[in-house]
Amino acid sequence: MYPQISKSILMAFTTLIISTTALPTETTTFYPEVIPGPGMPSLAELGLTSEQLYTTTPNLPFGNSFTTLYNGECRHCPDALANVDSVIACFNYLMSLGTSGCGVDRYNGKRFCTSGNAKVDGLNYTPGQANPTKSYCSDVALAVQWIFNHCNSGGQVRGSQAANGNGELVIRAQHVNYDGWC
């Protein structure tokens, strides 16, 4: 006939099955780290987290006065495209800096923010790049806003625009591993 299974073996087997059965669990959303550029305030100094910068709806001010010294442009080169949510997180970071100065030195560009696969850089467009230039960080953020509003293609972004009111400080948002204009 059939071998008799002891009650303790049956209980152990039942416990094993119940403990290994997948039960619904909470999902944790991952937010890429927002990394300020060299010399920029840290998130901790601002009392911010990467999650806040990814989940805050952008406060989109009106009345941008982009200069005619630089015409914003979008370039949808496959290797240069960055995730729009990562670009918006950098926008939120820069907007949080308000009237703090965001600028570049002579002959140089500067990284203002990196997050996920996106970076936001400032480029010196002074004549001959001979002079440093800067704007309020909120004006740099407005250039980023222009980029993600005008250059978004299916959640992917790449473009450039001058800082609000300053055609000598050009802001570029693109993939973190891409350098160039394509």
Side-chain angles (χ1 to χ4, degrees), residues 29-43 46 48-104 109-125 133-182:
T29 303
F30 171 75
Y31 298 99
E33 182 180 6
V34 176
I35 304 168
M40 303 292 288
S42 72
L43 299 188
L46 298 171
L48 295 171
T49 66
S50 292
E51 179 179 356
Q52 288 172 310
L53 295 173
Y54 269 87
T55 58
T56 300
T57 302
N59 179 16
L60 304 177
F62 296 97
N64 303 348
S65 61
F66 296 111
T67 178
T68 57
L69 295 175
Y70 184 86
N71 292 319
E73 63 181 1
C74 304
R75 295 190 180 179
H76 296 287
C77 316
D79 294 340
L81 297 172
N83 178 282
V84 69
D85 292 332
S86 294
V87 172
I88 291 173
C90 283
F91 163 84
N92 285 330
Y93 167 73
L94 291 164
M95 194 57 95
S96 76
L97 298 175
T99 57
S100 298
C102 282
V104 295
K110 177 167 180 152
R111 175 77 37 90
F112 291 124
C113 178
T114 304
S115 186
N117 73 348
K119 65 179 176 181
V120 172
D121 295 330
L123 305 168
N124 187 328
Y125 266 55
T133 185
K134 72 178 181 177
S135 292
Y136 292 148
C137 291
S138 58
D139 285 332
V140 168
L142 291 178
V144 177
Q145 173 194 344
W146 185 94
I147 295 165
F148 69 73
N149 280 337
H150 290 86
C151 304
N152 184 352
S153 178
Q156 299 296 305
V157 175
R158 196 268 175 217
S160 60
Q161 176 59 283
N164 186 41
N166 182 357
E168 295 182 342
L169 178 57
V170 173
I171 308 306
R172 183 171 61 192
Q174 63 187 13
H175 194 282
V176 70
N177 294 328
Y178 189 83
D179 287 312
W181 290 95
C182 68

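Computed from a predicted model, the values in this text were never measured in an experiment.
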Kindly write out the residues that satisfy side chain to side chain contact (heavy atoms under 4.5 Å, CB included) with S42, not counting sequence neighbours, or none if the list is empty. A44, E45
With heavy-atom distances below 4.5 Å as the criterion, would you say the side chains of P36 and C113 are in contact? no
Shortest non-hydrogen contact from V157 toward N152: CG2-CA, 4.0 Å
Could you check if a side-chain atom of M95 sits within less than 4.5 angstrom of a side-chain atom of L142, using non-hydrogen atoms only? yes
Distance (rounded to the nearest 0.5 Å) between L94 CG and S96 OG: 7.5 Å
Minimum heavy-atom distance between I147 and G159, given as atom pair plus value: CD1-O, 3.5 Å
Only counting residues at least two apart or in another chain, list the ones meeting side chain to side chain contact (heavy atoms under 4.5 Å, CB included) with A82. V87, N117, A118
State which residues pass side-chain hydrogen bond (donor to acceptor under 3.5 Å, both in side chains) with T133; sequence neighbours excluded, sorted by chain then number. N166
Check: Q52 side chain, T49 main-chain N or O, donor-acceptor pair, under 3.5 Å: yes
Does any part of the side chain of D121, heavy atoms only, come nearer than 4.5 Å to the side chain of F112, both counted from C-beta? no
Between Y31 and T55, is there a side-chain heavy-atom distance shorter than 4.5 Å? yes
Decide yes or no for W146 and C151: does some side-chain heavy atom of the first lie under 4.5 Å from some side-chain heavy atom of the second? yes
side-chain hydrogen bond (donor to acceptor under 3.5 Å, both in side chains) involving Y136 - partner list, sequence neighbours excluded: none
Drop me the distance from I171's CD1 to Q145's CD, to the nearest 0.5 angstrom. 13.5 Å
Checking side-chain polar atoms at under 3.5 Å, does S86 have a donor or acceptor matched by the opposite partner on Y54? yes
Side-chain heavy-atom pair Y93, P41 within 4.5 angstrom cut-off: yes
Measure the spacing between SG of C74 and CG of L81 and express it to the nearest 0.5 Å. 10.5 Å
Assess, by modelled atom type and distance only, whether the side chains of S160 and Y70 contain a donor and an acceptor separated by less than 3.5 Å. yes
Close side-chain approach of L46 to L97, heavy-atom, < 4.5 Å: yes
Interatomic spacing from CZ in R111 to NZ in K119 - rounded to 0.5 Å: 4.5 Å
Backbone N/O of Y178 and side chain of Q174: donor-acceptor pair under 3.5 Å: yes
side-chain contact (heavy atoms from CB on, under 4.5 Å) test vs V104 passes for just one of V170, N124, L123, namely N124
Go through the structure and list residues passing side chain to side chain contact (heavy atoms under 4.5 Å, CB included) with S50, not counting sequence neighbours. E33, V34, L43
Atom pair CG/NE2 of N83 and H175 - distance to nearest 0.5 Å: 9.5 Å
In the structure I gave you, are the side-chain heavy atoms of M40 and K110 within less than 4.5 Å of one another anywhere? yes
Using a strict threshold of under 4.0 Å (side-chain N to carboxylate O), is an ion pair present between D139 and K134? no
Does anything in residues 72-97 pair up under salt bridge (Lys or Arg N to Asp or Glu O under 4.0 Å), and if so which pairs, sequence neighbours excluded? E73-R75
